[in-house]
Amino acid sequence: MSSKTIRRIAINTGGGDAPGLNAVIRAATTAALNRGWECVGIRDGYNGLLMPEQYPDGGLLPLTRVSVRGITHLGGTILGTTNKGNPLKYPTKGKDGKLYEKDRSDELIRMFRKAKIDALISIGGDGSLTISNALAQKGLRVVGVPKTIDNDLERTVITFGFDTAVSFATMCLDRLHSTAEAHQRVIVVEMMGRYAGWIALNSGISGTADVILIPEIPYDMKKVAAKIQERYSQGRRFAIVVVAEGAIPKGGTHFVKSTEVGRAERLGGIGDRITQDIQEATGRESRCVVLGHLLRGGTPTTFDRLISLRFGAAAIRALADGKSGVMVALDPPTVRYVPLAMATRRMKCVPLDCDTMLTARDLGISFGD
Ligand code: F6P
């Protein structure tokens with residue numbers, strides 16, 4: 001299909017929000033309008049199309065130069081998002097009143113046609129882009145944009161949102177150092193990141209943590225305690241332990257907070273457990289801080305703003321070139337296009353032999369192994 005057939009495109013944001021979403025929306029909208037295309041935003045993932053009756057504006061927000069003005073630096077998303085609206089596994093009430101997962105993707109494709117939407121720019125993480133790939137297989141023209149603070153998407157050097165999350169986490173570690181030292185405490189800092197340790201690793205090194213626990217390396221509490229005792233015995237009477245929410249004890253499993261129909265499991269709680277275990281094993285007073293959703297909020301860093309703007313504009317160029325079923329990806333110094341199927345095939349975890357890991361080891365940081 002050539003770009004001539006595009007008259008109207010939609011943009012949506014799915015999954016957890018990440019700083020930079022609005023910058024992508026602004027760049028994609030502006031680049032589309034400059035080509036003479038009409039642009040609409042779908043409210044709350046795909047809910048604007050699947051449940052139009054729930055929205056006073058019918059679920060589609062016209063995106064104009066005015067509506068995307070002054071939003072580049074804002075966190076969140078002007079379109080709204082959800083991580084419970086997967087059209088392939090849509091939570092639907094059965095006759096027994098219980099929630100079941102229902103495939104509503106064919107219905108969604110019909111809704112796109114009914115709304116005269118020729119193509120979609122889908123901004124999301126692995127879950128949202130897996131959906132985008134399925135919709136592309138069903139004939140919808142789709143270009144994906146890699147978003148997530150977790151940085152766990154394959155085939156792109158980085159996802160937008162990650163740099164902001166790491167920068168904020170590092171700032172928190174700097175602040176926690178002074179109070180840890182003042183009270184001679186061990187402070188355990190739990191960070192998001194799902195099943196990958198990118199945020200914990202990058203901020204832990206930058207914020208000079210003593211121990212970093214990541215899902216890629218199951219930890220041994222005896223080793224963690226030994227590292228803390230060694231530090232105290234050297235006269236450094238405090239310690240900072242960074243733990244990814246997806247970290248696992250040797251022989252154990254992830255700490256799951258809750259499971260719900262139609263969404264991925266929620267992780268969390270490991271920070272408290274580790275804090276108790278450290279206090280018991282070392283006798284050192286310990287405290288836990290959970291950064292949680294603070295990592296997803298606020299103004300995107302300059303790096304995140306710029307890649308978000310580059311991704312948004314590149315996504316429109318892809319559509320104009322007749323591409324579909326691809327994701328824009330950062331491959332410095334340029335932005336490339338990779339098949340959505342490749343980008344979502346598996347999770348990008350921290351390679352244990354990467355130079356960032358080697359740096360941490362050279363600096364004497366313990367991974368509890
Ligand atoms: O994927 C982004 C993320 O923030 C993860 O790091 C975290 O596990 C999850 O989303 C939290 O989701 P929710 O906002 O639904 O609690």
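Since the model is a prediction, treat every value here as computed from it, not as a measurement. Both counts, for ligands and for their atoms, begin at 1 and track the order of listing.
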Per the under 4.0 Å non-hydrogen criterion, ligand 1 touches Asn83, Ile149, Asp150, Met192, Gly193, Arg194, Glu245, Arg263, Arg266, His293, Arg296
Strictly distance-based, threshold 3.5 Å: is any side-chain N or O of Glu216 a donor or acceptor partner for the main-chain N or O of Gly197? yes
- Side-chain donor or acceptor of Asp331 paired with backbone N/O of Val157 under 3.5 Å: no
Path from Leu129 to Leu88 over hydrophobic side-chain contacts below 4.5 Å: no
Residue pairs passing the ring pair (Phe, Tyr, Trp, His ring centres under 6.0 Å) test with at least one member in residues 89-138, sequence neighbours excluded, are none
Here the salt bridge (charged side-chain N to carboxylate O under 4.0 Å, His left out) pairs for residues 285-304, sequence neighbours left out, are Asp17-Arg296, Arg185-Glu285, Glu285-Arg287
Here the salt bridge (charged side-chain N to carboxylate O under 4.0 Å, His left out) pairs for residues 79-96, sequence neighbours left out, are Lys84-Glu260
